[in-house]
There are 2 protein chains.
Amino acid sequence: MLNEEKTALSHECEDCPIRHRAVCARCETDELERLEEIKYYRNFEAGQTIIWSGDRMDFVGSVVSGIATLTQTMEDGRTQMVGLLLPSDFVGRPGRDGSPYDVVATTDVVMCCFRKRPFEDMMSTTPHIAHRLLEMTLDELDAAREWMLVLGRKTAREKIASLLSIIARRDASLNLRPTQGALVFDLPLTREAMADYLGLTLETVSRQISALKRDGVIELEGKRHVTVPDFSRLLDEAGDDSDGGMLV
Amino acid sequence: MLNEEKTALSHECEDCPIRHRAVCARCETDELERLEEIKYYRNFEAGQTIIWSGDRMDFVGSVVSGIATLTQTMEDGRTQMVGLLLPSDFVGRPGRDGSPYDVVATTDVVMCCFRKRPFEDMMSTTPHIAHRLLEMTLDELDAAREWMLVLGRKTAREKIASLLSIIARRDASLNLRPTQGALVFDLPLTREAMADYLGLTLETVSRQISALKRDGVIELEGKRHVTVPDFSRLLDEAGDDSDGGMLV
DNA sequence: TCGCGCGCTTGATCTGGGTCAATGAAACCC
DNA sequence: GGGTTTCATTGACCCAGATCAAGCGCGCGA
């Protein structure tokens, strides 16, 4: 249901090859022109840190292609991923001058950026951008809280199934392919990154993926290419009470 | 540091006996008058559910006194608390018509409410309210993500220490008392509620509290009255890397 | 072509926290 | 004052997932 809303509000910019949800929803031509002037692209290599936790951040932007992660790390090295940035996701917080998290590219990443000051100026003169950002932030808050349930109360198997269903769902909504029959996608994360997302060790992730494969919930081709023959079965394994929204 | 900001921006309404952070920060007299017209109070008893997950919600508001919790529950009864509402915290999401969580009063609660439609109208004509809400939502998002680290990577002992330090901090900033020497506060939650917040069982919560007491990190008078002789020691137990902001 | 490294899998063992169960101790209400 | 309810503590035992360790397979650079 969240995804439907997002899709309905998104907008393909001609110059920005991907919907930049923050600014393009309901945007007008003169606003787009003003955005042109302050827009630029940045490229990052796989493994590169886009923003260091605590660093000053002079831009906002969104992911055009590739995958990035938000992570928090304790002094002793324990790390927890707190967000996954897929194409069209927004990065940066107007009104704040730093990021409390490390933002790391897990694949090669292209970002469409706006310098922060002009973007904030534009925000204050264009009310719908502030509203859109509020909406998006509420979406992120919902996602974060749903993840708290995953982290706090689900078993390892349920955690893996939850992650797979989220990735499958996002991938499907991104590619807008008809979602009947099997879902097929590539895992954008290493086993270790999945472990950091789920609060597990990489060994447990590996074992549970093997178990889901053995039980026919998923099929694996190589280490990353996943086929989900029955999505509702996967949701069931995840302990989710709903039908998954998207498939309605 | 977050708390300092909040305090700086908050504003005591004469009629609303507590700072209503969403609307009172930087508000002007004519705005306050318009708010008067749509404001009303609601009382809830301890244990009462304020909003059921999925229910239509026709108001927004903030807690004046008492404590409420946001919780998610799976069909089999496992529950995870995803937020704690203390006095001055905001409830409701402009632009959304329902809550994805149960909101439950854990003590008697008084809320200061605004009917949603007029509030949203006011929001669209008063830009600073939208900005303030965005700021507050970003704060909540930060808190949720910090909590993801607690849930995913901390040990039971660290989890308890984290919760105690958060409550101590919020309590101190609420009561604005000089924070030198020992911190003293009452736990607003049962052991079970703490367990639901921390992704533990109530037995483990009890055991770890006993352990912290035995080790001199906290002192207990009865079951709820806590004294923290050395706050930085508590933060250390929580695995937090900082000094706690407030104490600077 | 080899070997090296990285990502991944699998096995063996250990342990933190869950589960089950008994008991304590306030508060409250006839 | 005694019974009931609710909340909390403590003990004994168990198990899911962590930890430690070995090995596999594939891509890549020399």
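Basis for what follows: all heavy atoms, side chains included, without hydrogens, waters or symmetry-related copies. Chain A is the first sequence line, chain B the second, and so forth, proteins listed ahead of strands; every chain is numbered from 1.
When side chains are defined from C-beta on, B/Asp102 does not count as touching B/Thr69, because their heavy atoms never get closer than 4.5 Å. Using a 4.5 Å cut-off on side-chain heavy atoms (C-beta onward), A/Leu198 and A/Ile160 make contact. The shortest distance between side-chain heavy atoms of A/Tyr101 and A/Val82 falls below 4.5 Å.
Taking the nucleotide of DNA chain D with the nearest heavy atom to each of B/Thr204 and A/Val205, the more 5' of the two is matched to B/Thr204. Each of A/Lys154 and A/Lys223 has a nearest nucleotide on DNA chain D; the 5'-most of these lies closest to A/Lys154. Toward the 5' end of DNA chain C, the nearer of the two residues A/Glu203 and B/Arg207, judged by each one's closest nucleotide, is A/Glu203.
Considering only residues two or more places apart in sequence or on other chains, B/Arg207 meets the side-chain contact (heavy atoms from CB on, under 4.5 Å) condition with B/Glu203.
Nucleotides of DNA chain D with any atom under 4.0 Å from a heavy atom of chain B span, from 5' to 3', D/dA8 to D/dA12. Reading DNA chain C from its 5' end, the first and the last nucleotide to sit under 4.0 Å from a heavy atom of chain A are C/dC8 to C/dA12.
Residue contacts for B/Leu200: at a heavy-atom cut-off of 4.0 Å it reaches the sugar-phosphate backbone alone, with no base atom in range. Residue A/Thr190 is classed as a sugar-phosphate contact, given heavy-atom separations below 4.0 Å to backbone atoms only. In this structure, B/Gly47 reaches neither bases nor backbone, as no heavy-atom distance under 4.0 Å exists between it and the strands shown. Residue contacts shown for B/Arg157 are absent, as no nucleic acid heavy atom lies under 4.0 Å away.
Taking the charged nitrogens against the carboxylate oxygens, B/Asp139 and A/Arg93 have no contact shorter than 4.0 Å, which rules out a salt bridge. In summary, B/Arg78 and B/Asp196 do not engage in a salt bridge, as defined by a charged side-chain N under 4.0 Å from a carboxylate O.
With A/Asp215 contributing its side chain and A/Leu212 its backbone, the two residues share no donor-acceptor pair below 3.5 Å.
Taking the ring axis of B/Phe185 as reference, the NZ or CZ atom of B/Arg170 does not stay both within 45° of it and closer than 6.0 Å to the ring centre.
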